[in-house]
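To keep things clear, I will list the structure first and then write my remarks on it.
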There are 2 protein chains.
Amino acid sequence: MVETSRRREIEDAASSLFHEHGYAGTSVREIARALDIQGASLYAHVTSKQDMLWSIVVRTADRFEAAADAALAALGDSDSDADSDPDSDSDPDVKRSPDPGSRLTALVRAHVGVVTEDIGQASVFVHEWRSLSASHRAEIGRRRDAYEHRLRAVIRDGMERGDFAATDPTAAAAFILTALNGLVGWYRPGGRLKPGALADLYAALALRAVRHLDEVTQ
Amino acid sequence: MVETSRRREIEDAASSLFHEHGYAGTSVREIARALDIQGASLYAHVTSKQDMLWSIVVRTADRFEAAADAALAALGDSDSDADSDPDSDSDPDVKRSPDPGSRLTALVRAHVGVVTEDIGQASVFVHEWRSLSASHRAEIGRRRDAYEHRLRAVIRDGMERGDFAATDPTAAAAFILTALNGLVGWYRPGGRLKPGALADLYAALALRAVRHLDEVTQ
DNA sequence: CCTACCGATCGGTAGG
DNA sequence: CCTACCGATCGGTAGG
């Protein structure tokens, strides 16, 4: 569909401008200029400025959730998907999840991957949700909460197993998640640190932040 | 001076609205309405909307820097101020600074204190610098760099002394600093976690993030 | 701190 | 995707 690819070009231009100047600080005409068309011509493809923001935010939320799902599924975590891996040789009644350290590492690497893959979209998702309409904001709020809850559950699990240091799971999850999201403020594609190296560094920092000092898992 | 306190009221109203809706998303008339005056009446006290933003940002930058200075000075760090503490009994030629772990803890606690003390101002400082005019943005950029450099220096020092794990000091400082700044997105005065408890939790998380696993300093 | 007002720009529509 | 245009709102000024 031609329409779909043009729509994608518009959202790409919009997300990079929203990233630079914010949603409220970007005019519809600036988005149009980046595409070399007239401001009014944009409305042949989108119904409103809010429509563009909403598409970008939803698509990015999808990407974050899919990446987290895939990362946990690759570990053989039966909680991460509706149907568990039939090749798994673990007894589902005894220990259904891999160790919390591995799960935390997987979640952090997945999150960093999504951010570095498209810094503009990730930045809009992280910063511009305040500009969403009330109902859209509420919907994204629920999805964010569920996403953060998953990280919190890993930390709580690690604490209960004694792998992680005693801390406040809510504060620890917020600390780590905001650090990961903070990447949108300083990561630059083509910079000194490549996405893979950043994922390694951030996974190590996040894991150490919650892990017991006397653990020598890595 | 009456004028100064009225000016402060205006900046308080502005920072809380900038915090909620962003600089570009807040109109001068909305700020005026919060003060129960007409939009045009604001210009008896400020010269422009940008002028309000700049005052808030400068004042908050001052607070962050002063808090960090005081925190390090209280440890007896001779680098933290122009004139060193005459009561200090440490030999300035051998080891002029306290251990990196204490310095990191002090900086984190100071930062969290500034954020929790006025979440609106801190939020504007963290999020709205993109809305500053070019020259103002450049000036704040330099001050932010210097502030972050100080944190980086502590981390590098800790690595060289062997107290901290091998990591990338730039990435580690950014990780920690963005986690601290992320507080403006979820800290709420009067919430479950009080400023003191938050400072303790965040200091522990930041310290563990960079510290060697086999260290048992705390 | 007010009323009255300014030019510029905003998001969006009509009609092709 | 264009030209032409809309009402609303923007930051800010004049003059009191």
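Just so you know, these numbers use all the heavy atoms, side chains as well, and skip hydrogens, waters and symmetry mates. Lettering follows sequence order; numbering is per chain, from 1.
- Map A:Gly39 and A:Arg29 each onto its nearest nucleotide of DNA chain D; the residue landing nearer the 5' end is A:Gly39.
- Checked against C:dT3, D:dC1, C:dG11, the side chain of A:Ala44 finds its nearest nucleotide in D:dC1.
- For B:Gln50 and D:dC10, the CD to C1' distance is 15 Å, given to the nearest whole Å.
- Between A:Leu42 atom CG and C:dG12 atom P the separation is 10 Å, expressed in whole Å.
- In this structure, CG of A:Asp51 is placed 12 Å from P of C:dT13, rounded to the nearest angstrom.
- Note: CG (B:Leu53) to P (D:dG12) measures 12 Å, nearest angstrom.
- Residue A:Phe18 contributes atom CZ, which lies 12 Å from atom C1' of C:dG11 at whole-angstrom precision.
- Pairing of D:dA4, defined by two Watson-Crick or G-U wobble distances under 3.5 Å, is identified with C:dT13.
- The side chain of B:Arg6 places an N or O atom within less than 4.0 Å of a non-bridging phosphate oxygen (OP1 or OP2) of C:dC1.
- Taking atom NE2 of residue B:His21 and atom P of nucleotide D:dC10, one finds them 12 Å apart after rounding to whole Å.
- Spacing between atom OH of A:Tyr43 and atom P of C:dA14 amounts to 13 Å, rounded to whole angstrom units.
- B:Arg63 places a side-chain N or O within 3.5 Å of a backbone atom of B:Val114 that can act as its donor or acceptor partner.
- The side chain of A:Ile37 sits closest to D:dC1 out of D:dG11, D:dC1, C:dG12.
- Side chain of A:Ser41, nearest nucleotide from C:dC2, D:dT3, D:dC2: D:dC2.
- A cation-pi arrangement is absent between B:Arg143 and B:Phe64 under the rule of less than 6.0 angstrom and at most 45 degrees off the ring axis.
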- [ ] Apply side chain to side chain contact (heavy atoms under 4.5 Å, CB included) to the pair B:Phe164 and B:Leu207, showing each step before the final yes or no.
- [x] CA-CA 9 Å; B:Phe164 291 172; B:Leu207 187 56; 4.2 Å; yes
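- Nearest nucleotide to the side chain of B:Ser48, out of D:dT3, C:dC10, D:dG12: D:dG12.
- In the set D:dG11, C:dC10, D:dT3, the nucleotide with an atom closest to the side chain of B:Ser27 is D:dG11.
- Across every non-hydrogen atom of A:Thr60 and A:Gln121, the tightest pair is OG1-CB, 3.5 Å.
- Taking a cutoff of 4.0 Å between a charged side-chain nitrogen and a carboxylate oxygen, B:Glu11 and B:Arg7 qualify as a salt bridge.
- Between the CD1 atom of A:Ile10 and the P atom of C:dG11 there is a distance of 15 Å, rounded to whole Å.
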